[in-house]
*Asks:* 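One structure is given below, represented as C-alpha cells, and several questions about it will come after.
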Amino acid sequence: MSRGQNVQKQDGYRRKVLGGTVTTIVTQVLRVGATIGTVIVASRILSPTDYGIYAMAAPVTGFAFMFQNIGFDHAVVQSDEVSDVQLSSLFWLNIGLCLVLALALVAAGPFVAMFYDNTQAGVLVAASGLLIAATAPNPLYNALLNREMRFQTQNLVDIISSVTMFTFTVTAALILRSYWALLAGALASTVMNTFSFMYFERWRPRFTFQWASIAPMVRFGGGVSIYGFALFITRNIDKVLIARVWGPATLGYYDRAYRLMAAPLQNFSGPLSRIILPVLARTREEPQRYRRAYLIFLQGIMTCAVPGVMAAAVGSDATVRFLLGDKWQAVGPIFAWLSGTAAMLLVNESAPWLMMSTNRSKVMMNWGLFASATVVIGFLIGLPWGAIGVAKACFIGEALRSPLLFWLSARDTSVRMWDIAKLHIVTIVSLGAAAATQMVLPAGLSPLPHLVILAIAAYAAAIPAQLLSEPGRELLAMVTGWIGKAVRRPMRRPA
C-alpha cells in the first residue's frame with residue numbers, strides 16, 4: 001500500500017471513529033433523558049418494596065446473564081479474520097447456552113424464594129428466564145456491528161431500546177402498579193433490541209457447528225468471562241447482603257441510589273468502550289498513537305460526565321427530591337457516597353480496555369478475582385450500619401484499590417500510571433467548585449435550580465482544568481478547532 005493510500009485509509013478510519021464518538025455521545029444524552037424520565041415517573045407510582053423485590057431477583061438473573069456469551073463477542077472484535085463457519089458456530093453455541101440458562105432460572109425460582117423467605121422474588125426469577133431466551137442472538141450481532149465499526153447503527157439500536165423501555169415500563173406501572181412493570185419494560189426492550197440487531201445486520205447463521213474452529217475464541221473469552229464474573233460479584237453481592245439482613249424496603253432505597261449512580265457508567269463508559277476497543281486493538285503496535293487514543297478518549301468521557309456526577313453528589317438531597325420525590329429522601333446520603341464511587345469507576349472501568357487490547361485476559365481475570373474478594377470483605381464490614389455503611393465501604397474500597405489497578409493496567413503498555421491518575425484532575429476541580437457553590441446557595445432553593453447552578457459551577461471549572469494535563473490540552477485544542485470549523489463553514493457558502 002502506498003503512503004497516499006495509507007493516509008487515505010487512516011483518514012477514513014479517523015472519520016468513522018470521530019463520527020461514532022459524536023453520535024454515541026448524542027445517543028447517550030438521549031438515553032439518559034429516557035432513563036431519567038422512567039425514574040421520575042415510575043418511582044412516583046411504585047413503592048420502595050416493589051423496587052426491593054425486583055432488586056432481589058436482579059443478582060440471580062444477572063448471574064445467568066454472565067454465562068450468556070462466555071466472552072466470545074470480544075474475541076470476534078479482536079480477531080483479524082472471522083469465518084462464516086466460526087460465526088455460525090458461535091451463534092448456535094450461544095442459542096443453546098441461553099436456552100439452558102432460561103430453564104435454570106425457572107428451576108432456581110423456588111430456591112431463591114427460600115433464601116430470601118420471599119415467594120414474590122422466586123416467581124420473578126423464574127419469569128426472568130424469558131429475558132435470557134429473548135436476548136440470545138444479541139451479543140454476536142452487536143459484536144459484528146462493532147467489528148465493522150458501524151457505531152451509528154449501534155447507537156440507533158440503543159435509542160430504540162431506551163424509548164421502548166420507557167414506554168413499556170411507564171405504561172405497565174400505571175396498569176399493574178407492581179414490580180412486574182419493571183420486568184415488562186426490560187422484556188419489551190430486549191425483544192426490540194433483538195429485532196433491531198437482526199434487521200440492521202443482515203448476516204444470517206448457517207446450520208453448521210464446528211467446535212475446533214471456535215475453541216481459540218472461547219479460550220480467549222474465558223479470561224474475559226471470569227473477569228466479568230468477578231465484576232458481577234462486586235456489583236451484586238451488596239444487594240444480596242442488604243436484602244438478606246435488612247429486607248426489601250431498605251434494599252429498595254439502596255437500589256434506587258445505586259441505579260442513579262450507575263447511570264453515567266452505563267450511558268458513557270460502556271457504550272463508548274465499543275468504539276475505543278477496536279481503536280486500541282489496531283494501534284497496539286504504535287505506542288504513541290495507542291497512548292494518545294486512550295488518554296484523549298477517556299479525558300473526553302471524564303469531562304462530559306464527571307462534573308455532572310459531582311454536582312449531583314454535592315446536591316444529593318436535591319437530586320433525590322427532583323428525580324424520585326419526597327418519599328425517597330432516605331436515598332440522599334446513600335447516593336452521595338455512591339456518586340463518589342462512580343467518578344472513580346469511570347476511570348477504573350477503562351482498565352480492561354488496556355488489558356484486552358494487549359491480549360492480557362489472564363491479568364484481567366486475576367485482577368477481577370482479587371477485586372471481588374476485597375469488595376466482599378468491605379461490604380461485610382459496612383453491613384452492620386445498613387445501606388449507608390455498605391455505600392461507604394464501596395467508596396473506601398474503590399479508593400484503596402485504584403492505585404494498584406492503575407499500575408497493573410498500564411504495565412506493558414505505552415500508557416503510564418501517572419497518566420491515568422491525572423485524569424482525576426477534572427474530578428477534584430469540579431468537586432471543589434460544586435462544594436464551594438453549595439456553601440453559598442440559599443436554604444430552601446427548589447431542587448431543579450439548585451442542581452442547575454451546581455452543574456454550571458462544576459462544568460465551568462472543568463473546562464479550564466483541561467489546561468492542567470497533556471490530554472486535556474489536546475482535547476481542548478481539538479474541540480475549539482471543531483467549533484471554529486463549524487462556525488467558518490456557513491460563512492464560506494456563496495450568497
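Only this structure's heavy atoms are used, side chains among them; waters, hydrogens and symmetry mates stay out.
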*Asks:* Less than 4.5 Å apart, side chain to side chain, heavy atoms only: is that true for Val100 and Leu103?
*Replies:* no
*Asks:* Give a yes-or-no answer on whether the side chains of Ser47 and Asp50 include a donor-acceptor pair shorter than 3.5 Å.
*Replies:* yes
*Asks:* State the CG-CZ distance between Leu345 and Phe395, to the nearest 0.5 angstrom.
*Replies:* 11.0 Å
*Asks:* What residue among Val240, Ile242, Thr49 forms side-chain contact (heavy atoms from CB on, under 4.5 Å) with Leu251?
*Replies:* Ile242
*Asks:* Does Tyr54 have any ring-ring contact (aromatic ring centres under 6.0 Å, His included) partners at least two apart in sequence or in another chain, and if so, which?
*Replies:* none
*Asks:* To the closest 0.5 Å, what do you measure between CE (Met310) and CD1 (Ile428)?
*Replies:* 10.5 Å
*Asks:* Compare every heavy atom of Thr303 with every heavy atom of Tyr459, then report the nearest pair and how far apart it is.
*Replies:* CE2-O, 3.4 Å
*Asks:* Using side-chain heavy atoms (C-beta onward) and a distance below 4.5 Å, is Val157 in contact with Asn142?
*Replies:* no
*Asks:* Might you point out which heavy atoms bring Pro59 and Asn236 nearest each other, and give the distance in Å?
*Replies:* CA-OD1, 3.6 Å
*Asks:* Would the number of heavy atoms belonging to other residues, nucleotides or ligands and lying under 6.0 Å from CE of Met344 be above 12?
*Replies:* yes
*Asks:* Step by step, would you call Tyr141 with Asn138 a side-chain contact (heavy atoms from CB on, under 4.5 Å)?
*Replies:* CA-CA 5 Å; Tyr141 277 88; Asn138 291 2; 6.0 Å; no
*Asks:* Please determine, by modelled atom types, if Ser189 and Ser161 share a side-chain donor-acceptor pair under 3.5 angstrom.
*Replies:* yes
*Asks:* Is there a side-chain contact between Trp353 and Leu298 in this structure, where contact means two heavy atoms from C-beta onward sitting under 4.5 Å apart?
*Replies:* yes
*Asks:* If the threshold is 4.0 Å, N to carboxylate O, is there a salt bridge linking Arg321 and Asp317?
*Replies:* no
*Asks:* Taking the side chain as every heavy atom from C-beta outward, state whether Met302 and His424 have any pair of such atoms under 4.5 Å apart.
*Replies:* yes
*Asks:* Kindly indicate, with the supporting measurements, whether the criterion side-chain contact (heavy atoms from CB on, under 4.5 Å) is fulfilled by Arg235 and Tyr258.
*Replies:* CA-CA 10 Å; Arg235 295 284 177 82; Tyr258 188 90; 2.7 Å; yes
*Asks:* Do the side chains of Cys394 and Asp238 get nearer than 4.5 Å, heavy atoms only?
*Replies:* no
*Asks:* Judged by atom type as modelled, is there a donor-acceptor pair below 3.5 Å linking the side chain of Thr135 to the main-chain atoms of Leu131?
*Replies:* no
*Asks:* For the aromatic rings, using the six-membered ring if either is Trp, is the centroid distance between Trp328 and Tyr51 under 6.0 Å?
*Replies:* yes
*Asks:* Rounded at 0.5 Å granularity, tell me how far CG in Leu105 sits from CG in Leu130.
*Replies:* 10.0 Å
*Asks:* Is the backbone N or O of Leu448 less than 3.5 Å from a side-chain atom of Ser446, with the two atoms forming a donor-acceptor pair by type?
*Replies:* no
*Asks:* With side-chain contact (heavy atoms from CB on, under 4.5 Å) as the test, would you mind laying out the steps for Glu474 and Gln466 before giving the verdict?
*Replies:* CA-CA 8 Å; Glu474 190 164 357; Gln466 306 301 313; over 6 Å; no
*Asks:* If I compare all heavy atoms of Thr234 with all of Ser372, which pair ends up nearest, and what's the gap?
*Replies:* CG2-CA, 3.4 Å
*Asks:* Using modelled atom types only, decide if a donor and an acceptor are shared between the side chain of Thr169 and the backbone of Phe166 within a distance under 3.5 Å.
*Replies:* no
*Asks:* For Met56, does its backbone N or O pair with a side-chain atom of Tyr116 as donor and acceptor, under 3.5 Å?
*Replies:* yes
*Asks:* For Thr319 versus Ala312, what's the shortest heavy-atom pair and its separation?
*Replies:* OG1-O, 3.1 Å
*Asks:* So Val363 and Leu408, side-chain contact (heavy atoms from CB on, under 4.5 Å) or not? Walk me through it.
*Replies:* CA-CA 8 Å; Val363 174; Leu408 190 65; 3.9 Å; yes
*Asks:* Ignoring hydrogens, what is the shortest heavy-atom contact between Arg44 and Phe322? Give both atom names and the distance.
*Replies:* NH2-O, 3.3 Å
*Asks:* Side-chain contact test, heavy atoms from C-beta onward, threshold under 4.5 Å: evaluate it for Tyr254 versus Trp246 and give yes or no.
*Replies:* no
*Asks:* Quick one: does Ser350's side chain have a donor or acceptor within less than 3.5 Å of a partner on Leu346's backbone?
*Replies:* no
*Asks:* Got a sec, which residues hit salt bridge (charged side-chain N to carboxylate O under 4.0 Å, His left out) with Arg401, two or more places apart in sequence or on another chain?
*Replies:* Glu398
*Asks:* Do Arg244 and Phe115 have side chains that get closer than 4.5 Å, going by heavy atoms?
*Replies:* yes
*Asks:* Counting only heavy atoms not in Phe406 (residues, nucleotides, ligands), do more than 12 fall under 6.0 Å from its CZ?
*Replies:* yes
*Asks:* Using 0.5 Å steps for rounding, measure from the CH2 atom of Trp337 to the NZ atom of Lys392.
*Replies:* 5.5 Å
*Asks:* Out of curiosity, Thr38 OG1 to Leu323 CG, how far, rounded to the nearest 0.5 Å?
*Replies:* 11.5 Å
*Asks:* Could you pull out the closest heavy-atom pair between Ser402 and Asn348, with the gap in Å?
*Replies:* OG-ND2, 2.9 Å
*Asks:* In Å, rounded to the nearest 0.5 Å, how long is the span from OG1 of Thr119 to CG of Leu124?
*Replies:* 12.5 Å
*Asks:* Less than 4.5 Å apart, any side-chain heavy atom of Thr437 and any of Ile456?
*Replies:* no
